[in-house]
Amino acid sequence: MNDWLMCDITSLLIFITLIVSNLTKNRVKGRTNSLYLSLLIVSCTTITFRIIYQLIQRYCVYSTSSVFALKLFIYLYLISRCYIYAVGLLFIFSSTGILPVFYRNDTYKIIMILIFNVPVLYILMDCIKHILFTVDKSMNITIQAPIIIVNVSIVLMLFFGFIMILMYRKILKKTQIAYSISLFPLNGLLYIFQSFFPHVQIEMFVLAITCYLAFATIQRPELLVNPETLAQSYFAFENELNKAMKIGVPVKVIFIKITNYRNINMYIGIDRFNELLKKITVFLNELSRKKKLRALPYYLNDYVFALPTENQTDIALDKVVDSLERYFSQVFILDGVRINIDTRICVIRAPEDVSNYEYFLYLSKSFYKILEPNGKTQWFRDYVNDRDFIIRNNIDKILDRAINENLFEIYYQPIYSVKEKKYVGAEALVRLNDPEYGDIPPALFVNYAERTNKIYIIGDFVLENVCKFIGSDEGRALDLESIEVNMSFAQCFEKDLVVKIRDWLDKYHIAPEQLRLQITENAASINPLIVEKNINILNRMGIKFSLDDYGTGFSNIKKLLTLPFDIVKINKEFIDEIEDPLNETLVLDTIHMLKALNKKILLEGIETEYRAEQFVDLKCRNDNACDYLQGFYFSKPLPQSEFVKFLKK
C-alpha cells in the first residue's frame, strides 16, 4: 500500500470523524448545516470511490470484469468529484449569507448549472467514447488530454465562487473573508497542480483539512447554538440579519417575548423553565417545517425568541401567527405542574418597516417595551408611520437637541375669576417645537423627561423664565395675581428646590405670592417627607400652592388638610361626569365638600359657553361654587407675546 493510498484513507477517516461529530455533537441546524453535512457525505463518498478503484488497480489481475469495475468506480469518482465543488460552493454561499442572492438571480443560477453540467455530461459521454483515460493490461491508468475539459470546468466553478465572494465581501467578517478568499485560489491551484501531476494524490486530503477548518471557523456550534434552549443563538441571529440587510434580502421576523418569565421562574425553577424553553424551540422548528418558512428559531436571551422567514407574504404570516397564538394560549404541563405562558408577539419586516440594521437589533430587544400592549399580535408596519410612535422612539435625541439649542418655549393659558369677572392669572405650560419633528406633544416629552434627569433642566428653565416674565415691565403691567407653574413629581422632592426658587425670586425682584406652584395628587403622595418639607418651607416664604388634577388620582383627603393647598383644580374628565345624572350628585358634593374646607376651586377644561355658564351660575351657600375657570372657551395656551396682547384687549 503506497503513501498516496494511505493519504486517502487518512482523509476518509477525517471525513467520517467530521460526519459523526456533526450528527452527534453539533446541534446547529438549518440550510447551512445541511449543506455542510452534504459536503462531508459527498466528499466521503468520493474518496471511497477513489480508494476502491485504487485497490482494484493494485490487487486485481487484468480481466474484463476487473477493468469494468475499475472504470465504473473511476467514473463514479469523477462525477462525485464535480458534486463536491458544487455543494461546497453552495455551502460557502450559505455560510456567508449570499445564497438568497444566488437563488434570486437567474443569471447566477444559469452560470452555475452550465459549469456543473458540462463536466458531468462529458464524463457520462466518455462511457461510450473512452477518451478521458485508458487501462492497459498491467491495470495502469493513462490520463488522456480531453480530461482537461473536466478540469477547466471545475476551475471555472471555483473562479465563479471567488468572484461572488469578492462582489459581496462587505457582508463578511474578517475571518470569513480570509477563509473564503483564500479557499478558492488555493483549491484552484491545487486542482491545476493535480491535473499536471496526477500521481500526487493530495487533493482529498487538502479537502478534508478545508472541511475541518470550515467546521472550526464558520460552523462554530458553541457560538451558533444557545445551550439552554437549543435554539440558534443571538450571535447567529446578528450575523444572519446583518448579512441579509446588507445584501438587500427581504426579511420578516416574528418576535415572541415571554412576559411572565419571572413568575414562571419562581414557580418551577430555572432548570425546569429551560426544559420548557426547549419544548418551545421544538415547536417552532416543527412550525417552520410545516409552514415552509425556511428558517430556524433563534433565542435572543431575556426570554425572547425570533423566527425569521423567507419569501412569505403577510397573509401567510398571519396564519403562522395564528398557530403561535393558539400554541401559547394552551396550558403547559411540565412534570405535573400546570403553567400559563403570557407572550407579546410582534412581526417586523425589512426593508419595508426598518431599513437600518442597528435599529432592527434595537427593536429585537425592546419591541415589547416601546409598543403599547393590546392583547394581540402586533405588526410593526402599523406603527412605523405613526407620528407619536416615531417621536417616542427619537425622544432622547429630540430632548438633547432642545436643551442644547434652547428650543423650549413657555405658553400661558389665562385663568378667569368668576367673582371678579376678569382674568387674574395664568398657567405656564412648556412647549417644544423641533426642527425635524415639529410640535412635540407635552404628554410625550414630559413623561419621558420625568424618567430621566432632563426633567430638572426643563423644570428649571420654566421656573426661571416665568419668574423673569413676572418681574419684567411687560409682566408687571398685566397686574396678575399670580402665574402657576406645574411641578413634576421629580422636582417636588428635589433637595435644593427651595434654594433655587429663593434665588430666582431675588434675582428678578418678584414677590413670592406672584408665583403659584401646582402639584398633582400623585406627586404629593411620593416621598412625602421631602415633598411636605419643601412645600411647607416655600409656603412660609409666601408662595401659594394648587392641587392639580383633583379627581384623577387617589384623592387623598388627608393631603388637602395637611398641606397648604388653597386652590384645588378639578380635572375636565371629572366635571364632565355632571352630564350623567348618576354622577351629578358626586360632582356637586365634591365641590361642596371642598368649599366647606375653605378651598378655592378652579375648573379646568371649560370648552363651551354652555359649560362656562353652567359653573358660573352654580352656587354654594349663597356664594359662587367655583372661583376660577380655565379652558379653550376663554383662550388656548398662547406664546408670551400673544398672551400679553390678549390680556391687554
Side-chain angles (χ1 to χ4, degrees), residues 20-34 36-37 215 219-241 253-291 293-309 320-348 360-369 371 373 377-378:
V20 172
S21 177
N22 189 274
L23 292 175
T24 58
K25 295 182 180 180
N26 183 12
R27 294 169 294 191
V28 179
K29 298 181 180 179
R31 183 167 49 199
T32 300
N33 188 66
S34 297
Y36 180 70
L37 184 60
F215 185 82
Q219 287 294 86
R220 304 291 299 278
E222 73 281 3
L223 294 178
L224 300 181
V225 175
N226 181 276
E228 284 80 25
T229 64
L230 301 186
Q232 307 299 288
S233 67
Y234 182 68
F235 173 82
F237 177 76
E238 281 185 311
N239 284 342
E240 294 304 314
L241 180 65
V253 185
I254 303 172
F255 292 101
I256 307 155
K257 165 69 175 181
I258 299 176
T259 56
N260 62 334
Y261 64 91
R262 287 191 180 91
N263 293 337
I264 298 175
N265 259 330
M266 291 175 62
Y267 189 46
I268 64 175
I270 192 168
D271 291 335
R272 285 204 288 181
F273 196 1
N274 286 339
E275 291 302 315
L276 183 59
L277 294 178
K278 290 175 184 176
K279 288 188 176 183
I280 294 174
T281 300
V282 172
F283 166 77
L284 294 177
N285 274 313
E286 185 64 18
L287 181 66
S288 178
R289 185 186 63 79
K290 287 182 178 179
K291 301 295 184 180
L293 302 181
R294 296 182 180 177
L296 291 169
Y298 293 80
Y299 183 69
L300 310 187
N301 304 320
D302 199 25
Y303 304 96
V304 176
F305 284 90
L307 190 62
T309 65
V320 176
V321 165
D322 288 341
S323 298
L324 288 170
E325 289 178 344
R326 286 195 301 271
Y327 176 74
F328 286 107
S329 65
Q330 68 176 309
V331 176
F332 293 81
I333 300 177
L334 191 65
D335 296 335
V337 179
R338 297 168 65 85
I339 303 164
N340 291 306
I341 298 179
D342 298 331
T343 59
R344 291 277 301 278
I345 302 175
C346 180
V347 182
I348 304 178
F360 205 125
L361 275 186
Y362 164 74
L363 290 174
S364 72
K365 301 174 185 176
S366 58
F367 71 92
Y368 56 93
K369 298 177 183 176
L371 299 184
T377 294
Q378 296 165 298

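Just so it is clear, the values below take in all heavy atoms, side chains as well, and ignore hydrogens, waters and symmetry mates. Treat the numbers as computed from the prediction; the structure is a model and nothing was measured.
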Check your understanding: Does the ring centre of Phe305 sit less than 6.0 Å away from the ring centre of Phe283?
Key ->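 Between Phe283 and Phe305, the centre distance exceeds or equals 6.0 Å.
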Check your understanding: Less than 6.0 Å separating the ring centroids of Tyr234 and Tyr298?
Key ->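 Not under 6.0 Å, so no.
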Practice item. Start with the C-alpha gap between Thr309 and Val320, add the side-chain angles, then the distance that decides, and say whether side chain to side chain contact (heavy atoms under 4.5 Å, CB included) holds. Key: CA-CA 10 Å; Thr309 65; Val320 176; 6.0 Å; no
Quick one, [X] and [Y] - any side-chain contact, counting heavy atoms below 4.5 Å?
X	Y	result
Gln378	Ile345	no
Leu293	Leu307	yes
Ile258	Leu277	yes
Glu286	Val282	no
Val225	Ser233	no

Quick one: does [X]'s side chain have a donor or acceptor within less than 3.5 Å of a partner on [Y]'s backbone?
X	Y	answer
Glu240	Phe237	no
Lys257	Asp342	no
Thr281	Thr229	yes

**Study point:** Sole residue of Ile280, Ile256, Leu324, Val304 in side chain to side chain contact (heavy atoms under 4.5 Å, CB included) with Thr343
**Key:**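 Exactly one candidate clears the test, Ile256.
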Check your understanding: salt bridge (Lys or Arg N to Asp or Glu O under 4.0 Å) between Glu275 and Lys278: does it pass, once the steps are laid out?
Key -> CA-CA 5 Å; Glu275 291 302 315; Lys278 290 175 184 176; 3.5 Å; yes
[atom1] of [X] to [atom2] of [Y]: how many Å apart, nearest 0.5 Å?
X	Y	atom1	atom2	value
Tyr368	Thr259	OH	OG1	10.0 Å
Leu363	Cys346	CG	SG	8.0 Å
Asn274	Asn226	CG	CG	8.5 Å
Lys369	Tyr362	NZ	OH	8.0 Å
Thr377	Phe328	OG1	CZ	10.5 Å
Asn260	Ile341	CG	CD1	7.5 Å

**Study point:** Criterion side chain to side chain contact (heavy atoms under 4.5 Å, CB included) on Leu300 and Ser364, from CA distance to verdict
**Key:** CA-CA 8 Å; Leu300 310 187; Ser364 72; 3.9 Å; yes
Practice item. Take Leu334 and Phe273, measure what side chain to side chain contact (heavy atoms under 4.5 Å, CB included) needs, and give me the verdict at the end. Key: CA-CA 9 Å; Leu334 191 65; Phe273 196 1; over 6 Å; no
Practice item. For residues Pro297 and Ala231, report the shortest heavy-atom separation together with the two atoms involved. Key: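 Looking at all heavy atoms of both residues, the shortest contact is O-CB, 3.6 Å.
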Taking atom types as modelled, find out whether [X] and [Y] have a side-chain donor-acceptor pair closer than 3.5 angstrom.
X	Y	value
Asn265	Tyr303	yes
Tyr267	Asn340	no
Ser288	Asn285	no

